[in-house]
Amino acid sequence: MLLKTVFVRLLTTVITLFGVAVVVFVLVRVAPGNPIAMMLPPGATEKDIAALNAVYGFDKSLAEQFIIWLGGVLHGDFGTSITLRQPVAELVLGRLPATLELSSVALLLALALGGCVAVIGARKRGTGTEVGLDLTSGAVLSVPDFLWGLIFVLVFGVLWPVLSISGRVDPRIDIDFTTNFYIFEGLLRGRLDVVGSTLSHMLMPAMSLALPLAAMIAQLLKQNLKEALTQDYTTLARVRGFSETAVILREALRNAALPTLALVGVQFTFLIGGTVIVERLFAFEGLGNMAIDAVINRDLPLIQGIVLLFAALFTVINLLVDLSYTFLNPRLRHG
Amino acid sequence: MTAKTQLTRRGFIGASAALTALIATGAPVLAQSADSLTIAYNIPVQSWDPTTGPAAVNPALQSIYLAVFDRFIDQAPDLSFGPGLLTEWGFNDDKTKITMTVREGVKWHNGDDFTPEDVVWSLTRAANPEIGNPMQFVWSKIGNFSVEGNVITGDVFSFEPALFKWMAFLTAFVLPKTYYEEVGSEGFEKAPIGTGPYMVDAYEQGAYVRLKAFADYWGGAPEFDTVTIKFVTDAASRVAEIESGNVDVTSNMPYEEYDRLIAKDGLSGVAVPITDIGMIFLNDIDVMLDKNVRLAAHHAIDKQLIIDRLLRGYGVALSTLEVPGYAAYDDSIVVEYDPEKSKKLLAASGYSTDNPVTFTIQTTRGFKPKDYEMIQAIVGMWRKVGINAEIEVYEIAKHYELRASDTLAPAAFYNWGNSIGDPSTSTGFSMFGPSPHAVWDSPDLVEKIGPLFVEPDEDKRIQGYKDVSRYIAEEGYVIPILQYVMPIVYASTVNVVPYTSGDLLPQAMTKA
């Protein structure tokens, strides 16, 4: 049953990615802004313009361009960036670890913060504390991530400069890692200087991304916890002498977490999408920052590569969430 | 159970303390140490080949290229030209040959000797259409080089009066022949070397470049041993970086922030006019074919008011596409602010505030300081005299596309840079119809500007451009607005030399 589900989902993933590839390819070409027009010298003649178009393959028909590009993609060749003059696959995969680490840290922060607030809210249900936490969650949710970023920059970057404002790591540190997963590889290699510097640079952007998600998690999880706390099994736990906190943590949380997991899965993809603006603000060299530069410069091969990778990420994450949900939910697992 | 809970708490507190300590090790350190300098730069290096691709013609990237590479000819802060890797240069009398003397005693960053062959190879490569040098049309005008000692001679295929100014401009960098042929273009991107004052020590694409002073630099080693250039594209983040002391120098922030920052202890600033102008292209279509409308639109704009109110006084009002310091600047050409004259001109064509002339003006929003706001103000001024303009906002990429296909709206805001100050690269290419960058395409201008592109008599050429500028102002073919001012903020422990070209060169920075 599970294998069949995985097979069907993988098949739909491939179809989805192909659809995305077609749409992106067409959209970036019909969208306003021509990369050749952006690099024309003042004295360029029609012949020069035609030559430049030929150099970048824009002299061919849209269908021909797509077939050439798709043929390359199937062989792992996503083309060469017009502005960065390097293979797109190399560039995109080089930046992916930064965005994945940022998103993962943001997710962990959101889970920790949202979880704590939900548990406290459930524990203090019906009191002024719960109302206060609800109001705070609402306020946090209403502020977009980039605005949190600006607030953090002002507070922890300027007024009380304890965190790094821009970049991913201190430029003075020499890094000769095999991968671009600075935290992961830094821990494996015992390079705590790299890990510390990366975390110091990552904390503000990660918090900016995490806060709205944390507020969402807090609200949903608290609601589910409150419902669970009215169930018989939690009443039984109380009768057995468990404290209210223990009832929440040991009995209610397990069941209440399931709907939250589904939300987290969906929101994680949005969180990765949110890195585009936040990475720009913090000059964090991830995929999002690269995507903005690619769009500004109309670097068509790079835009295509980034969008396709984002699409692949989204579908894979959704697949994993669905599978984990199926696996964790006994009714679905045995259904 | 109690013991377990206590242990967990202890563990939690311990883990938190460890994490805090770990993050603290990475806490920001104030930028300035004795021999190092940190700059927050507004655009990342896209490629390390300064002669090919779009990056090569991006004016904002030239500062970083100039730290690593040298041009054939050097340019001083005031736009004047001086010896670079060439110490002497010139045409022969009949302009059929060029002679260039190559500087001796220059080293590449890898220790190799710099030779005349490097110059010849760089020029030949730049002229090769397959290489993708965006300025190939200039470099292809010379060739057939021969070397004797440290003197290079070459043939002139097509006379270009500004050839030697181009040698201090975009893509005019000398690259190492032997090394480049050895490592190839990909290898060069990964480990670029030049003859410039700094060597690339570490580079993280999109994040930073760390430069080390080149002890053997022919112009003397620069003052700071290490320069870190962080690419911080967001202006608010650059402001925060300089304010927090994380960086020593930054530029291109909003003028409000500039004024606020330089008032703070420990920070200084300089704001100088640069070779970048804000202008409104007029297209030879629709109502713009009416000279009265064009001139009325120009006379109705109070440029100084815009500079004072929107740009806090940072700007220089202009009447032509030549600015003070350019070879063909003529301060006697003035298109004065005169709204009453605008009304009369419009009335002569049957327009009034009750029956306004209508057209679209295109502009970017946020691409240049207060671009959209400036156009809003201009549209407001126009409305008072009988011009009803509708604003259309587009991205700069769209502007390039429309301009290249000659499909811009009747009016379109743009900024034009010209760091060599030659009239051919300002009035010339922006107003000469066949150029893909020109918008006004009338034959009278083609007739007037065309011969100037090949005029061998320099005095006659410059005077020709002055005459063209006057003619353009009288006909109202374009609306120059202002010369931009670039704000630079720096720690008071650093001296910064501003360049009129807009360059921000680390080698020109010294300890205060």
Which answer fits [X], side chain, backbone, both or neither, if we ask what part of it has an atom under 4.5 Å from a heavy atom of chain A?
X	result
B:E241	both
B:T52	both
B:E130	neither
B:S237	both
B:F231	backbone

Exercise. Which residue pairs pass the salt bridge (charged side-chain N to carboxylate O under 4.0 Å, His left out) test with at least one member in residues 277-295 of chain A, sequence neighbours excluded?
Worked result: A:R280-A:D293
Exercise. Any salt bridge (charged side-chain N to carboxylate O under 4.0 Å, His left out) pairs touching residues 40-61 of chain B, not counting sequence neighbours?
Worked result: B:D49-B:R125
If we define contacts as heavy-atom pairs under 4.5 Å, which of [options] has the most with chain A?
options	value
B:E189, B:H399, B:R238, B:E204	B:E204
B:V138, B:T171, B:V232	B:V232
B:P54, B:A404, B:G206	B:P54
B:A235, B:G132, B:A240, B:A56	B:A240

Exercise. Checking A:T198 side chain against A:V169 main chain: does a donor-acceptor pair fall under 3.5 Å?
Worked result: no
Exercise. Just by modelled atom types, is the B:E395 backbone N or O under 3.5 Å from a matching donor or acceptor in the B:T364 side chain?
Worked result: no
Exercise. With no hydrogens and no angle check, do the side chains of B:Q362 and B:R403 hold a donor and an acceptor under 3.5 Å apart?
Worked result: no
For this session: Please check if any side-chain donor atom of A:T245 sits under 3.5 Å from a side-chain acceptor atom of A:R123, or the reverse.
Result: yes
Problem set entry | Distance (rounded to the nearest 0.5 Å) between A:F181 CZ and A:E101 CD | 6.5 Å
Taking side chain as everything from C-beta outward and backbone as N, CA, C, O, which of these in [X] sits under 4.5 Å from a heavy atom of chain B? Side chain, backbone, both or neither.
X	value
A:I292	neither
A:L159	neither
A:N297	side chain

Exercise. Is it true that B:K230 and A:D170 make a salt bridge, defined as a side-chain N closer than 4.0 Å to a carboxylate O?
Worked result: no
Problem set entry | Aromatic ring proximity, centroids under 6.0 angstrom, B:Y41 and B:Y208 | no
For this session: With sequence neighbours left out, write down each residue that passes side chain to side chain donor-acceptor pair (under 3.5 Å) with B:N415, or none if nothing qualifies.
Result: B:D276
For this session: Could you go through the salt bridge (Lys or Arg N to Asp or Glu O under 4.0 Å) check for A:D174 and B:R210 one step at a time?
Result: CA-CA 10 Å; A:D174 284 312; B:R210 195 174 64 211; 2.6 Å; yes
Seminar exercise, completed: One option among A:A54, A:S166, A:P171 has the most heavy-atom pairs under 4.5 Å with chain B, and it is A:P171
Problem set entry | Pair B:T425-B:W416, side-chain contact (heavy atoms from CB on, under 4.5 Å): steps then yes or no | CA-CA 9 Å; B:T425 42; B:W416 190 280; 5.6 Å; no
Exercise. Taking non-hydrogen atoms and a cut-off under 4.5 angstrom, which of residues 79-88 of chain A neighbour chain B?
Worked result: A:I82, A:T83, A:L84, A:R85
